[in-house]
Amino acid sequence: MKRITTAAVLVLLLAGCGKDGTPPPKGPQPSALPSYQVQSGAEITGSPTLDAARSRGHLVVGAKEDQPYLGQKNPATGEYSGFDIEIAKMVGADLGFAPDQIEFKTIASANRETALQNGQVDYYVGTYTINDNRKKLVGFAGPYYLAGQSLLVRRNDDTIHGPEDLNGRKVCSAAGSTPAQRIEKQYPKARLITYDTYSACVDNLITAQVDAVTTDNTILMGYAAKAPDELKVVGPLFSQEPYGIGTPKNDTVLRGALNDALAHHEENGDWRRAYDATLGLSGVPAPVPPPIDRY
Ligand code: GLU
């Protein structure tokens with residue numbers, strides 16, 4: 001009997017897919033994405049990471065899968081989309097790999113350095129803040145975007161307007177992230193709760209298990225755009241989060257090639273077109289990309 005019920009539910013769900021009258025998913029939908037001209041990449045020599053990718057036949061790129069407009073995995077098709085994914089594809093094209101030669105792998109905030117150190121991914125594009133601590137462990141190309149820490153609360157909450165209102169309140173963030181570290185150090189009276197992902201935090205916010213979610217404004221704006229009746233982003237930005245492409249620390253050839261690729265796509269308009277078709281839809285104002293830091 002149980003089996004019949006499950007099957008019946010499945011049939012109903014499948015029947016609903018794509019049928020007229022099915023409500024569209026909430027939030028703005030993606031517009032046309034740019035396509036990127038694939039270069040030969042042959043002139044880039046001396047990168048152990050690229051050599052391994054060439055003999056493997058594809059790149060493996062670390063990303064997020066639950067951050068709307070930035071890095072999101074479609075559970076039905078397995079496809080990834082968002083601004084970070086476009087960045088990964090545009091620079092991949094300059095390394096000699098077409099988008100269909102990129103395998104994306106979801107890596108949580110806390111596991112990025114280990115994934116790069118172990119060679120689990122060739123590079124990482126997923127709201128990854130460049131800072132000196134992380135530079136001891138990995139390399140960074142970029143920055144390709146500048147975000148800042150902010151707060152997400154329930155739409156009907158009128159008590160939290162900035163980080164100083166978090167005293168004694170439960171605030172959720174991702175383990176191993178710079179926003180979680182900042183709350184611990186600078187706002188010790190807040191009750192910090194960490195999960196692997198921000199989407200777990202958002203679920204807990206909607207069900208009132210926590211009072212706020214904190215991370216980069218880009219990420220929070222995406223969740224708010226998907227659930228505008230339940231959520232809102234509040235307060236000023238209280239940090240600078242320059243996003244970089246994470247690389248294995250000692251592969252300076254790869255880091256240099258990624259910086260060249262970012263500069264190339266910022267100049268030819270791909271960066272801006274990709275932005276407009278992804279993150280721009282969540283309402284984050286269109287910025288000028290920050291200057292690339294070739295340290
Ligand atoms: N940009 C911040 C960080 O790298 C927060 C976002 C994230 O966890 O990916 O820690």
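Every number for a ligand or one of its atoms is a count from 1 in the order of the listing. Numbers for residues simply follow the sequence, beginning at 1.
Using modelled atom types, one finds a donor on one side chain and an acceptor on the other under 3.5 Å when comparing Asp251 with Thr49. Side-chain N/O atoms of Gln67 and Thr127 include a donor and acceptor closer than 3.5 Å.
Every residue meeting the salt bridge (charged side-chain N to carboxylate O under 4.0 Å, His left out) condition with Arg294, not counting sequence neighbours, appears here in chain and number order: Asp260.
Side-chain N or O atoms of Asn74 include none that pairs as donor or acceptor with a backbone N or O of Glu79 at under 3.5 Å.
Enumerated by chain and number, the residues approaching ligand 1 to less than 4.0 Å through a heavy atom are Lys64, Ser109, Arg112, Gly126, Thr127, Tyr128, Thr129, Arg134, Ser177, Thr178, Pro179, Tyr198, Thr215, Asp216, Ile219, Glu241, Tyr243.
Pairs of residues two or more places apart, or lying in two chains, that qualify as ring-ring contact (aromatic ring centres under 6.0 Å, His included) and include a residue from residues 84-104 are Tyr80-Phe104. Listed by first and then second residue, the ring-ring contact (aromatic ring centres under 6.0 Å, His included) pairs involving residues 210-232 amount to none (not counting sequence neighbours).
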